[in-house]
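Notes follow once the structure below has been shown.
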Amino acid sequence: MADNVASLFRGTAAHSPSMAALARESDGVGPIDFCIPCNPYFPTPGMFDELAGRLREIITYYPSSADTITAELCALLQLPPSCVAMGNGSTELITWIDHLLVRESLAIPVPTFGRWTDQPMETGKRVDMFPLMESNGFALDPAQYIEFIRARGTRVAVICNPNNPDGGFLTRRALVNFMDQLQDLDLIVIDESFLEFADAESDPSVVEEAVLRPNVIVLRSLGKNFGLHGIRFGYLVANPALAGKVRSMLPKWNLNSFAETVVFMLKEHGQEYMESLHMVRRDRLDMARQLSALPGLTVYPSQGNFLFVRLPVGAEGTVVRDRLLSEHRILVRECGNKIGSSSRFLRLVVRPETDVRRLVSGMEQVLYGSRRGAAVPELGTGTSYSSGTAAVDRLISETNGVGMPLAAQAAAMPSLPPAQTWPGPAPAQAPTGMPGLAPAPAAAMMPPQQQPAARMPAPAPQQQPMPAVAQMPGVAQMPGVAQMQPAAQMMPQAPQMSPVAQMAQMAQTAQAQAQAQRQQAPIPAVAQAPSPAAQAQARSMQPPPQPPAMPAMSPAPAAGLGQTGMPGLRNRGLTAAQVRGRTEPEPAPAPQPTGWPAAGAMYNQVS
């Protein structure tokens, strides 16, 4: 089963295989589904019984026309039928929006629903993708998005609210301001497919704005709200001219009999539907709490019926997905094939507490089980970070995230007899500002003229003279330097030298220059500590040495991103934002979000 299931995932592009395909490969028994964003509480068991009792009638006869089904839905939602177009799923409407209303270019924040990026590219349009930064929790800044649209000259702008897969949310006021500032665009689409699950506001929809504005479409999905993806029905709301243009292109019977039956059942089950939304929001809070307790797992705030999580450093999303499915019969959405995401991220659909306990138990076993089979590697074994890009993954695995092959590091740092330390009291340790380095000796314990700057620069070092290793107080205590040989015993220069070897070579050059200028006896080797009088004379005769140039290191991760919650796994590899090419400075450290949005007024609608 495992090999067949893995091949199903490899055969998909931006989506997961269907539940029917997975069931065929697993003896007809499907897994617990944390992948497909459904409403587990609606339709109710009684509604399913009614549908089952009418199955023969439903599949035997033609449905009513799309206009008849649309009129019933509009009566339920209190919308004018002239402003609504119903499609065979929201994807059919996205297709016609692209064909009819997108002329040359479309802007969309990524990661997001795959059809918003794939559909325009399939018809030759330019897709301007605005990256949502991991360092900012994948939150969309509307002002920066507007600047991006203006700079690119994009003619159509799309926002998914809440966004899929991260569940990011914008308030109604922010969206209205966004539409006000882009009134000159050909079209603005607000995709509200998951908005029914939001509780940050009591009335977050901009449907009323779409009815009045000349260039706005709001997209809704009944399948996502009702947990009935197989029926395929969605609708859009716009001014009569825009809605009519799309509606005129749709087939007369583009909606099936299942869709008609459910739409006409809704008016009798409004209370059950509102209760189902209440339970999904409750489960979302509880599920986020349980997942947040897993070491190294990051859970992002969501207003959808799903949670976006980042796996611990070293965990590969495809491995976690395949093992959860083959060993625990749990299906999750690995997001490595989503543009703007990577294989280190999963989208997990909100489910009842019983299912969540099984998910958490399975993830504990896969991530932190026996060391031989755990997805998270042993502490100190490096990282298998996956960016979703093969070339970047190879670079990270070959260099351990610091830009130098591991083999070259090992060849340049053989095991050698330890050198003596600088005479004097043992220096106290102070925190270091460089990622990946152990604490260096405190500056207060060094001679005044040799105190380094408070924070070493990250860019590549300039070649400049520096004192010999024997003259650098505290060098012997630094990791990787305590076992250096004297310069005369260094190995021949390799094609690619390690940072420690570079420091030794520079020290040798500086020592030779100092000897030629002062014409005095060479400084004793580290293994033969000079007397205090000789030390004082040497310090008085030589110029103040410059602080040693440190090799360039990979930038420190943004606040909260390098904290995995697992000892020893900090500052390994790159963040997804850095892999995607982030160039702006990392933000100042900010406190991690400690809670989730409070329940909105829609909860009060449930008696």
Calculate, to the nearest 0.5 Å, the distance between atoms [atom1] and [atom2] belonging to [X] and [Y] respectively.
| X | Y | atom1 | atom2 | value |
| --- | --- | --- | --- | --- |
| Cys38 | Asn225 | SG | CG | 11.5 Å |
| Leu219 | Phe113 | CG | CZ | 9.0 Å |
| Asp141 | Phe148 | CG | CZ | 13.5 Å |
| Leu255 | Trp253 | CG | CH2 | 12.0 Å |
| Glu57 | Thr261 | CD | OG1 | 7.0 Å |
| Ile97 | Ile217 | CD1 | CD1 | 4.5 Å |

pair [X]-[Y]: side-chain heavy atoms closer than 4.5 Å:
| X | Y | value |
| --- | --- | --- |
| Thr91 | Arg232 | yes |
| Ile69 | Leu73 | no |
| Met133 | Gln144 | no |
| Phe169 | Leu195 | yes |
| Leu359 | Ile32 | no |
| Leu307 | Leu291 | yes |
| Gln119 | Leu106 | no |
| Val332 | Met363 | no |

(message) Is there a side chain to side chain contact (heavy atoms under 4.5 Å, CB included) between Tyr235 and Leu77? Walk through the geometry before answering.
(response) CA-CA 12 Å; Tyr235 67 98; Leu77 302 177; 3.3 Å; yes
Over all heavy atoms of both residues, which pair between [X] and [Y] is shortest? Give the atoms and the distance, please.
| X | Y | answer |
| --- | --- | --- |
| Ala238 | Ala243 | CB-N, 4.1 Å |
| Gly114 | Thr117 | O-OG1, 2.9 Å |
| Ala85 | Leu250 | CB-CD1, 4.4 Å |
| His229 | Pro37 | NE2-O, 2.7 Å |
| Leu79 | Val207 | CD2-CG1, 3.7 Å |
| Asn88 | Ile231 | OD1-O, 4.4 Å |

Ignoring hydrogens and angles, tell me if any N or O in the side chain of [X] forms a donor-acceptor pair with the backbone of [Y] under 3.5 Å.
| X | Y | answer |
| --- | --- | --- |
| Tyr145 | Ala107 | yes |
| Glu260 | Ser64 | yes |
| Arg351 | Val356 | no |
| Arg284 | Asn305 | no |
| Tyr368 | Pro295 | yes |
| Lys338 | Pro165 | no |
| Gln303 | Ala200 | yes |
| Ser341 | Cys335 | yes |
| Asn163 | Ile159 | no |

Can a salt bridge be assigned to the pair [X] and [Y] using a cut-off of 4.0 Å between side-chain N and carboxylate O?
| X | Y | value |
| --- | --- | --- |
| Arg358 | Asp355 | no |
| Arg323 | Glu316 | no |
| Glu196 | Arg220 | yes |

(request) Please report the C-alpha distance between Ile330 and Phe34 in whole Å, then the side-chain angles of each, then the deciding distance to 0.1 Å, and finally whether the side chain to side chain contact (heavy atoms under 4.5 Å, CB included) criterion is met. (result) CA-CA 7 Å; Ile330 295 174; Phe34 283 90; 3.8 Å; yes
(request) Mind telling me whether Phe194 and Phe306 have parallel, tilted or perpendicular rings, with 30° and 60° as the class edges? (result)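 Rings of Phe306 and Phe194: perpendicular, as their planes differ by over 60°.
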(request) Using the six-membered ring wherever Trp is involved, compare the ring planes of Phe226 and Phe233 and label them parallel, tilted or perpendicular (cut-offs 30° and 60°). (result) perpendicular
Do [X] and [Y] get their side chains close enough for a donor-acceptor pair, meaning under 3.5 Å?
| X | Y | value |
| --- | --- | --- |
| Asp67 | Ser65 | no |
| Asn161 | Glu192 | no |
| Arg347 | Asn164 | yes |

(request) Mark yes when over 12 heavy atoms from residues, nucleotides or ligands other than Glu208 sit less than 6.0 Å from its CD; otherwise mark no. (result)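 For Glu208, atom CD is not crowded (no more than 12 foreign heavy atoms under 6.0 Å).
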(request) Kindly state each residue pair satisfying salt bridge (Lys or Arg N to Asp or Glu O under 4.0 Å) with at least one member in residues 169-186, sequence neighbours excluded. (result) Arg103-Asp186, Arg150-Asp184, Arg155-Asp186, Arg172-Glu209, Asp180-Arg213
(message) For Tyr41 and Glu275: C-alpha separation, side-chain torsions, deciding distance, then whether side chain to side chain contact (heavy atoms under 4.5 Å, CB included) applies.
(response) CA-CA 8 Å; Tyr41 301 108; Glu275 290 175 352; over 6 Å; no
(request) Would you check, one step at a time, whether the test side chain to side chain contact (heavy atoms under 4.5 Å, CB included) holds for His99 with Met249? (result) CA-CA 10 Å; His99 281 290; Met249 302 301 297; over 6 Å; no
(message) Please determine whether ring-ring contact (aromatic ring centres under 6.0 Å, His included) holds for the pair Phe345 and Phe138, giving the CA-CA distance in whole Å, both sets of side-chain angles, and the decisive distance to 0.1 Å.
(response) CA-CA 12 Å; Phe345 293 88; Phe138 296 97; 5.5 Å; yes
(request) Could you walk me through whether Arg115 and Glu122 pass salt bridge (Lys or Arg N to Asp or Glu O under 4.0 Å), step by step? (result) CA-CA 10 Å; Arg115 292 312 300 168; Glu122 292 169 3; 3.1 Å; yes
